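Worth saying up front: this structure is predicted, and the values here are computed from it rather than measured.
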Amino acid sequence: MYTIDQVMDIVYANPTAVVAAAFITYIFGFIQYGTSMYMQVRNKQCPFYFWMHCWYFGHDITFSLLFHQWFFEIGFWLFEVLCIGCMCFVLIEFFSLYRCIRYERQEVFGKYYQGREVSVRTAVIRGITGYLIGALLFSCIRLILNDWMCLILMASTNAILALMIQFRFKEIGKRQFGTILLSWMTLFGTLFTFAPAGIGFFTTCIAALNVWPYYAIGCACVICALYSIYLAYHLPKSDELVERQEQKRLARGKE
């Protein structure tokens with residue numbers, strides 16, 4: 001698909017533009033994930049599917065284990081920062097797994113046991129197995145695609161979020177704290193993930209992505225992200241959200 005030298009030739013030829021495009025793309029991704037973790041803690045319900053966490057763990061652990069590549073073979077600071085960031089996200093994924101096992105195991109895994117109560121032990125086994133499968137799939141697909149720098153599969157993480165979050169919103173069935181912010185950040189992250197060469201990080205670095213099928217996927221993802229925004233505003237508010245807004249309204253009335 002591409003070689004490391006091809007990507008780095010582009011990076012060294014346009015370092016400021018590439019770094020700017022990367023940081024714009026990644027900052028939305030970080031806000032997305034931060035919002036997701038906030039919602040998981042605040043609402044005790046994650047806006048991501050569990051299998052998405054498995055795939056994201058696969059991404060983070062694979063990128064982290066390529067430490068020698070980033071620091072000693074390539075040696076460009078952007079990828080070193082991303083490697084350290086992915087190491088941190090590996091820990092975040094384990095925290096997410098803990099939250100899932102403690103608070104969501106029945107919702108996540110109960111469907112596979114006809115609604116019977118899911119024990120902590122069963123949830124731990126299923127959770128760890130899912131993470132290991134995600135890591136195996138990510139590592140193997142990277143090799144099959146010759147995606148040496150994980151950039152194509154990195155783009156897939158945001159595409160999956162854009163496509164799937166609408167379904168998760170519908171399953172939850174109510175607007176929670178963070179729902180609107182997550183939907184908007186997903187849209188912006190998707191736009192920059194699929195932005196044309198010269199603007200988008202992935203299409204700038206990898207010439208093979210600067211083709212109409214990639215942009216067609218991007219259009220589908222943007223449409224789904226827009227629909228998620230529509231859902232975020234039209235879903236009924238959660239009881240906690242209604243109560244908080246009423247408290248704010250009363251507080252403003254007393255001023």
**Q** Would you confirm whether the ring centroid of F94 sits within less than 6.0 angstrom of the ring centroid of F57?
**A**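 Ring centroids of F57 and F94 are less than 6.0 Å from each other.
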
**Q** Is the F95 ring parallel, tilted or perpendicular to the Y98 ring (thresholds 30°, 60°)?
**A**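 If you compare the ring of F95 with that of Y98, the planes turn out tilted.
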
**Q** Does Y33 have its ring centroid less than 6.0 Å away from the ring centroid of F48?
**A**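 Ring centres of F48 and Y33 closer than 6.0 Å.
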
**Q** Run the salt-bridge test on R126 and E104 with the 4.0 Å N-O cut-off and return the result as yes or no.
**A**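 Salt bridge flag = no for E104 with R126.
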
**Q** So, does Q114 use its side chain to make a donor-acceptor pair with the main chain of K111 at under 3.5 Å?
**A**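 Not a single qualifying donor-acceptor pair exists.
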
**Q** Quick check, are the ring centers of Y214 and F194 under 6.0 angstrom apart?
**A**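 Yes, the ring of Y214 comes within the 6.0 Å limit of the ring of F194, centre to centre.
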
**Q** Is there a chain of hydrophobic side chains (I, L, V, M, F, W, Y, each step under 4.5 Å between heavy atoms) that links Y227 to M52?
**A**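 Linked within one cluster.
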
**Q** Kindly say whether A197 contributes a backbone atom to a donor-acceptor pair with the side chain of T204 at under 3.5 angstrom?
**A**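 No; zero donor-acceptor contacts below 3.5 Å.
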
**Q** Check whether any side-chain N or O of N158 sits under 3.5 Å from a backbone N or O of A162 as a donor-acceptor pair, and report yes or no.
**A**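 Not at all, since once roles are kept as given, no pair shorter than 3.5 Å links the two residues.
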
**Q** Of the options W77, W148, F63, which is the one that meets W70 in a ring pair (Phe, Tyr, Trp, His ring centres under 6.0 Å)?
**A**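 It is F63; the other options fail the test.
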
**Q** Report the distance from atom CG of D147 to atom CE of M154, rounding to the nearest 0.5 Å.
**A**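 Those atoms lie 8.5 Å apart.
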
**Q** Nearest 0.5 Å please: distance from the CH2 atom of W184 over to the CZ atom of F188.
**A**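 Answer rounded to 0.5 Å: 5.5 Å.
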
**Q** Taking the side chain from Q106 and the backbone from V118, do they hold a donor-acceptor pair closer than 3.5 Å?
**A**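 Indeed, once roles are kept as given, a pair shorter than 3.5 Å links the two residues.
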
**Q** Please report the shortest heavy-atom distance between V7 and C205, naming the atom on each side.
**A**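 Answer, listing the atom of V7 first, then C205: CG2-O, 3.6 Å.
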
**Q** Evaluate the ring planes of F109 and F50, with Trp represented by its six-membered ring, and classify them as parallel (under 30°), tilted (30 to 60°) or perpendicular (over 60°).
**A**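 Plane angle over 60°, so perpendicular.
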
**Q** With a 3.5 Å distance limit and no angle check, can you tell me whether S228 reaches the backbone of C224 through a side-chain donor-acceptor pair?
**A**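 Pair found, side chain donor or acceptor close to backbone of C224.
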
**Q** Under 3.5 Å, is there a donor-acceptor pair between the side chain of T186 and the main chain of L182?
**A**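 The answer is yes, because a donor-acceptor pair under 3.5 Å joins these two groups.
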
**Q** Tell me if the centroids of the rings in F89 and F30 come within less than 6.0 Å of each other.
**A**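 Between F89 and F30, the centre distance is under 6.0 Å.
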
**Q** Strictly distance-based, threshold 3.5 Å: is any side-chain N or O of R99 a donor or acceptor partner for the main-chain N or O of K44?
**A**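 It does not hold such a pair.
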
**Q** Could you check whether any side-chain N or O of S36 sits under 3.5 Å from a backbone N or O of Q32, counting only pairs where one atom can act as donor and the other as acceptor?
**A**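 Pair absent, no side-chain N/O of S36 close to backbone of Q32.
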
**Q** Got more than 12 heavy atoms from elsewhere within 6.0 Å of CG, D239?
**A**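 12 or below, so no.
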
